[in-house]
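Naming convention: chains lettered A, B, ... in sequence-line order (proteins, then strands); numbering from 1 in each chain.
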Amino acid sequence: MKTEKMVQSYEIIFYYTGYIILGMAFLMVIPIVTALAFAEWNPLCDFIISMSVTTLVGLGMIFIGRRTHREKAYVQWKHGLVVASLSWLLLMLLCAIPYSMSGHTESYLDACFDVMSGFTTTGLVLTQDLDHLSNALNMWRHMLTFVGGQGMVVLALTFMVKERNGAYLYKFYVGEAKDIELVPNVKGTARIIWKISMLYLAVGTAALWVDGMFIGLKPVSAFLNALYMFESSWSTGGFAPMTQNIMYYHSLSYEIITMVIFTLGSFNFGLHYAVWKGDRRELTRNIETKSFFLTSVSACLLTLLWFSKQNLYPDAVSRFRRIIFNILSAHTTTGLGSVYARQFALEWGNFGVLIMVVVMLIGGSACSTAGGFKGLRVGVIAKGICCEIKKLLSSERNLKVYKFHYIKDQVLSDSLVRSSALIIICYIMLFSVGTLIGTFCGYPAADSAFEAASVTGNVGLSIGITAPSIPLVLKLYDIIAMYLGRLEFISVFALVGFAGGGLKKQCEKLAG
Amino acid sequence: MMDHRKNEFRGFAVEVFGVMAYLALLFLAAVFFQ
C-alpha cells in the first residue's frame with residue numbers, strides 16, 4: 001500500500017504504455033527492410049522518421065514512469081484497462097505517420113482512420129490509389145492488421161517486460177478483450193497464441209504463394225500477395241493490396257484458401273489449443289462453434305433461398321463465390337468482398353442487406369481475431385433463454401444448475417448472462433447511433449445500417465458509403481466505433497473514467 | 001515430445017479438414033438451391 005501512494009497511477013500507465021509503443025517502433029524495422037529490399041527510398045525515409053518519433057515517445061513515457069520499475073509498483077485492474085485503451089489511441093496517432101507522409105491519404109485523420117481500421121481488423125480503407133502503394137507501406141498496413149488481431153499489447157509486454165510476477169500481465173490482457181488463460185502463466189498463453197498464428201502463417205502463406213504462381217503471378221509478387229492476403233484473412237482484417245480486393249485474383253482456389261484461413265482465424269485461440277492438445281471433440285461440443293455453425297448455415301440458406309427467387313447468380317459455383325463467400329466473410333468479420341460495394345445495395349435487395357447486417361453484428365468467436373457480439377455471448381444468451389423457459393415449466397422445488405461447454409464445462413450463472421446481455425446492448429446502441437448519423441448525413445437507412453454494422457462489428461465490408469469524401473462526423477464516429485467495438489467497451493470506459501477523474505482532481509486543486 | 005508434435009499436427013489437420021468439410025456442405029447447399 002505504501003508503494004501505491006508513492007508511485008502515481010499515471011506513472012504506472014505511462015511506463016507500460018511506453019513499452020508497448022517501443023514494441024511497435026521495433027516492428028517498423030520490417031517495412032524499413034522491405035523498403036531497402038525494393039529500393040523504395042521515399043518510403044524508407046518515411047519509416048525512419050516514423051520509427052524515430054515513435055521510439056522517442058516510447059522512451060519518454062518509460063522515463064516519466066521509471067519509478068514503477070524501481071519501486072516495484074503494484075499494477076491494479078484499472079491500470080491494465082487504461083494501458084490497453086490508451087496505447088491503442090497513441091499507436092493510432094504514431095502509426096499513421098508513414099501513411100500520412102506517403103501522400104496516399106487526404107488528411108492525417110484519414111491516415112488515423114486507416115490505422116484504426118487495421119489495428120481493429122476492420123478493413124475499411126480511406127487510403128487512395130491502393131494499386132500503387134509502395135511495398136513498404138503495404139507491408140506495414142497488413143502487419144498492423146495481423147498484429148492488431150493477435151493483440152499488440154500482449155505481444156509487446158510479453159516479449160519486452162521481464163517477468164517479475166506474471167499475474168499482473170493478465171490485467172493488460174483483459175484490457176485488450178482477450179481474457180483467456182491457456183496455461184497458468186500469461187506469458188505462456190501469449191506465446192501459444194503466437195505459435196498457433198505463426199504456424200498457420202507459414203502454411204497459409206505457402207498455400208497462397210503456390211496458388212498465386214499457378215494463377216499467373218510472378219514468384220516475388222505471388223509471395224507478397226500471399227503474405228498480405230494471409231495476414232488479412234487470418235486476422236479477419238479485410239485489407240488487400242489491390243483496390244479490387246479478393247476479386248483481383250479472379251480465382252476460385254484463391255477464394256477457397258482464404259475462406260479456410262479466415263474461418264479458422266475467427267475461432268477462439270482456446271479452441272485451437274484444445275484441438276491441438278488432442279481434444280478433438282471440443283470442435284463439436286464448444287458453445288461457440290455450435291452457435292457459429294447454426295447462425296452461419298441459417299444465414300447462407302436464407303440468402304441462397306432469397307437469391308433463388310432473383311435468379312441473379314445462376315450457377316452453384318457463382319453462388320458459392322458471391323453469396324457464401326460474402327456471408328462467411330461478414331460473419332467471421334473479415335470483410336474481404338467478392339462483389340463490388342454498390343452491388344450489395346443494387347443487387348442484394350433489402351433482405352440480403354438485412355442478413356448481412358445481422359451476421360456482421362453477431363461476428364466470430366471471443367478471444368479470437370474476430371469482432372462483433374461474439375458467438376459465445378449469442379450462445380450464452382440463447383442458452384439463458386432456454387433455461388429460463390425450462391425453469392418456468394419445471395417444479396418450483398427444482399434447483400437444477402444449468403451448464404454449457406466452453407473449453408470446459410461451465411455454470412450458466414445469472415451474472416454471466418447479464419454481462420453478456422450488457423455487452424450486446426452496448427453494441428446495439430453503438431450500431432443504432434451509427435445508423436442515425438448515417439441517415440442524418442443523407443444516406444439511405446439500409447446503407448447506413450450496413451455501414452454501421454460493418455464498423456461496429458469490425459468487419460470492413462462497405463456498401464459504398466466509406467470514402468475520403470464522407471462527412472467529418474461520420475469519419476470520427478467510424479474511428480470511435482471501431483475502437484469501442486474491438487476493445488469491447490470496458491477498457492475504453494475505464495480510460496474515460498480515469499481521465500475524467502484526473503481532470504476533476506485538477507479542477508478541485510485549482511478551485512481549492 | 002514426438003507424441004506432443006504428432007498431436008499438434010493431427011489437431012491442425014482436423015481443424016483444416018473440418019473447415020473444408022463445412023465449406024463443402026455449404027457448396028452442396030448452393031447446388032441444392034440452384
Separation between OG (A/Ser308) and CZ (B/Phe32), nearest 0.5 Å, reads 10.0 Å

Test item: B/Glu15 and A/Trp276 side chains (from C-beta on) under 4.5 Å apart, heavy atoms = yes

Counting heavy-atom pairs under 4.5 Å with chain B, the top scorer among A/Leu305, A/Leu271, A/Thr263 is A/Leu305

Nearest heavy-atom contact between B/Ala30 and A/Ala316 is CB-O, 3.8 Å

Given B/Leu26 and A/Leu328, is the side-chain contact (heavy atoms from CB on, under 4.5 Å) satisfied, shown in steps?
-> CA-CA 10 Å; B/Leu26 292 176; A/Leu328 286 187; 3.8 Å; yes

| message | Quick one, B/Asn7 with A/Lys277, criterion side-chain contact (heavy atoms from CB on, under 4.5 Å). Give me CA distance, side-chain angles, the key distance, then yes/no. | response | CA-CA 6 Å; B/Asn7 250 342; A/Lys277 267 199 336 183; over 6 Å; no

Under 4.5 Å to a heavy atom of chain B? For A/Val317 that would be both

Turns out that what part of A/Phe267 lies under 4.5 Å from chain B's heavy atoms comes down to side chain

Exercise for review: State whether the number of non-hydrogen atoms from other residues, nucleotides or ligands found under 6.0 Å of A/Asn350 atom CG is greater than 12.
Suggested key: no

Under 4.5 Å to a heavy atom of chain A? For B/Leu25 that would be side chain

Exercise. Are B/Phe12 and A/Tyr200 close enough that their ring centres sit under 6.0 Å apart?
Worked result: yes

If one checks every heavy atom of A/Leu199 against chain B at 4.5 Å, the contacting part turns out to be side chain

Interface check, chain A: of B/Val31, B/Val14, B/Leu28, most non-hydrogen pairs under 4.5 Å belong to B/Val14

Closest non-hydrogen contact found for A/Ile256 with B/Leu23 is O-CD1, 4.3 Å

When the 4.5 angstrom heavy-atom criterion is applied to A/Leu301 and chain B, the contacting part is both

Worksheet item: According to the interplanar angle, ranging from 0 to 90°, do the rings of B/Tyr22 and A/Phe292 count as parallel (below 30°), tilted (30 to 60°) or perpendicular (above 60°)?
Response: tilted

Is A/Lys195 salt-bridged to B/Glu8, cutoff N-O under 4.0 Å? yes

